[in-house]
Amino acid sequence: MLQINFIKQNADLVKERLAVKHFGQIGLVDELLQMDEELRKQRLASENLQASVNSASKEICALMAKGEKEAAEEKKAAVTAWKEEQSGIKISLQALEDDFTAKILQLPNLPHTSVPRGKTPEDNEVVLEGGSIPTLFADAKPHWEIIKDYDLVDFETGAKLAGSGFALFKGKGAKLQRALIQYFLDYNTAAGYTEYAPPLMVNEATAYGTGQLPDKEGQMYHVTEDKLYLIPTAEVPVTNVYANSIIRESDLPIKMTAYSSCFRREAGSFGSDVRGLNRLHQFEKVEVIQLVKASHSYQTLEEMVNHVERLLQFLELPYRILRLCGGDMSFTSALTYDFEVFSAAQQKWLEVSSVSNFETFQTNRMKIRYKNEEGKTELVHSLNGSSLALPRIIAALLENNQSENGIHVPKALQRYFGAALIER
RNA sequence: GGAGACGUGUCCGAGUGGUUGAAGGAGCACGCCUGGAAAGUGUGUAUAUGGGAAACUGUAUCGCGAGUUCGAAUCUCGCCGUCUCCGCCA
């Protein structure tokens with residue numbers, strides 16, 4: 001959520017930045033400023049009346065102590081009149097506040113100045129490419145066939161148990177996934193991230209904190225009976241760990257990592273995009289999250305990008321890094337780098353990580369602050385990234401590393417997987 | 001799921017209708033004391049938001065929300081959480 005004071009002081013900048021995100025209702029900015037004026041007026045009126053009530057109450061107390069009952073009764077009548085006047089103001093103030101909140105929540109985060117101006121995924125900027133795209137042998141297959149040949153994942157049974165889009169990992173497939181999770185977590189904790197194992201369901205307030213609510217509830221599984229949401233990413237519970245708190249400056253930066261299952265309804269997704277492991281309702285992911293001082297956040301973003309990049313290098317996968325354009329970025333992000341790996345048999349780039357700086361957009365909602373040198377409390381910046389999303393990594397590994405005698409396991413992973421080759 | 005107890009500041013803990021943003025203690029910060037430290041001692045020590053150059057000051061906050069009252073940490077209702085006992089259970 002943007003801060004109204006910032007909007008007030010930078011209205012033109014806000015409008016210009018929103019345009020980069022192709023936000024359709026830039027008129028909202030002026031509307032919010034007007035509403036804020038009115039809100040202030042009404043709040044002041046209400047508070048002034050309250051001040052009168054409060055001081056009169058104290059006087060009543062003093063009068064009662066002196067035994068001046070009549071004078072006290074007179075005061076009471078005056079207070080009652082003020083309160084009546086105030087209750088009228090409060091009703092319209094409440095309506096105005098609700099309206100204001102609903103509207104300011106519609107404003108997406110402002111994109112960083114480095115964000116490309118484009119609108120569609122084609123406008124994303126390729127920052128760099130790494131690794132080498134393998135030359136596959138003639139019989140090379142897409143991962144959904146490899147999976148069958150090697151009996152690694154059983155989609156039919158997954159569909160029988162839950163529905164389409166739910167995978168049943170099996171045997172070496174299950175072990176490969178487990179090995180990757182273990183490897184990613186070890187890699188992250190070695191870099192100073194503290195490991196968390198969060199709840200996989202969260203309440204409304206938590207989903208609101210990271211920006212899933214309101215508006216995006218359709219993307220989450222909702223357990224209505226208990227008012228809980230299945231997490232679409234560990235970002236949601238883990239970033240909220242520090243919700244409503246003031247962090248000691250010496251504790252910053254806070255670096256957290258978590259492995260979790262992620263649940264996404266993916267309503268409306270279809271076509272070749274959802275083949276095999278490309279898009280699932282439930283998938284496994286290891287996430288890294290940082291809470292840092294505002295002055296450090298872009299440096300931290302670069303750090304996190306490097307962190308994820310090295311992991312892909314260890315996995316020996318061909319990858320590229322994209323700087324997302326304004327139109328393709330998420331609502332909450334100020335700058336996002338996507339990581340894609342090339343899945344050779346599909347001849348397709350698959351997104352396996354998305355590393356973003358949210359600046360204060362999430363922390364303003366969650367009220368995550370720290371005390372700066374001057375003793376003033378300031379919102380921290382939140383960042384997160386995947387390191388990494390499992391199914392697509394597995395898809396790319398299977399496709400890129402296939403050979404006539406089996407699937408090569410990257411060196412870094414061998415001690416976790418326990419073998420150098422996945423054989424039939 | 002049933003019964004009961006509880007939820008106060010960084011922490012412990014007082015407070016059951018009236019100048020209580022909240023006693024007391026611990027912790028922490030700064031100072032005094034000391035050769036240095038401990039002990040002792042003095043002062044300070046919540047957050048948000050409005051006004052003000054500042055000093056200062058209005059408002060809100062004692063789990064959350066609503067209500068009663070001139071006035072609520074204190075009374076009432078709802079919700080959330082913690083603990084104990086019972087039930088169930090990996």
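Residue numbers begin at 1 in each chain, while the letters A, B, ... track the order of the sequences.
The residues A:Glu145 and A:Lys148 are annotated as not salt-bridged, no charged nitrogen and carboxylate oxygen being separated by less than 4.0 angstrom. Ionic pairing of A:Glu16 and A:Arg117 is present here: one or more N-O contacts between side-chain nitrogen and carboxylate oxygen are shorter than 4.0 angstrom.
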Scan nucleotides 18-20 of chain B against the protein and return all N/O pairs shorter than 3.5 Å with their distances rounded to 0.1 Å.
{"residue": "B:G18", "atom": "N2", "partner": "A:Ser57", "partner atom": "O", "Å": "3.0"}

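Within residues 47-54 of chain A, the residues approaching RNA chain B are A:Glu47, A:Gln50, A:Ala51, A:Asn54, by heavy-atom distance under 4.0 Å.
Taking the C1' atom of each, B:G2 and B:A60 are spaced 39 Å apart, rounded to whole Å. Between B:G58 and B:A38, the two C1' atoms lie 46 Å apart (nearest whole Å). Between the C1' atoms of B:G24 and B:C79, the separation comes to 33 Å (whole Å).
Ring planes of A:His281 and A:Tyr221: perpendicular class, angle over 60° (limits at 30 and 60°).
At the heavy-atom level, A:Arg43 lies nowhere under 4.0 Å from the strands shown.
Between the side chain of A:Asn364 and the main chain of A:Thr360, no donor-acceptor pair closer than 3.5 Å is present. No donor-acceptor pair under 3.5 Å is formed between the side chain of A:Tyr416 and the backbone N or O of A:Ile181.
Across all strands shown, B:U74 has no partner, as no Watson-Crick or G-U wobble contact with both distances under 3.5 Å is found.
Remark: A:Arg264 fails to qualify as a cation-pi partner of A:Phe283 under the 6.0 Å distance and 45° angle criteria applied to the six-membered ring.
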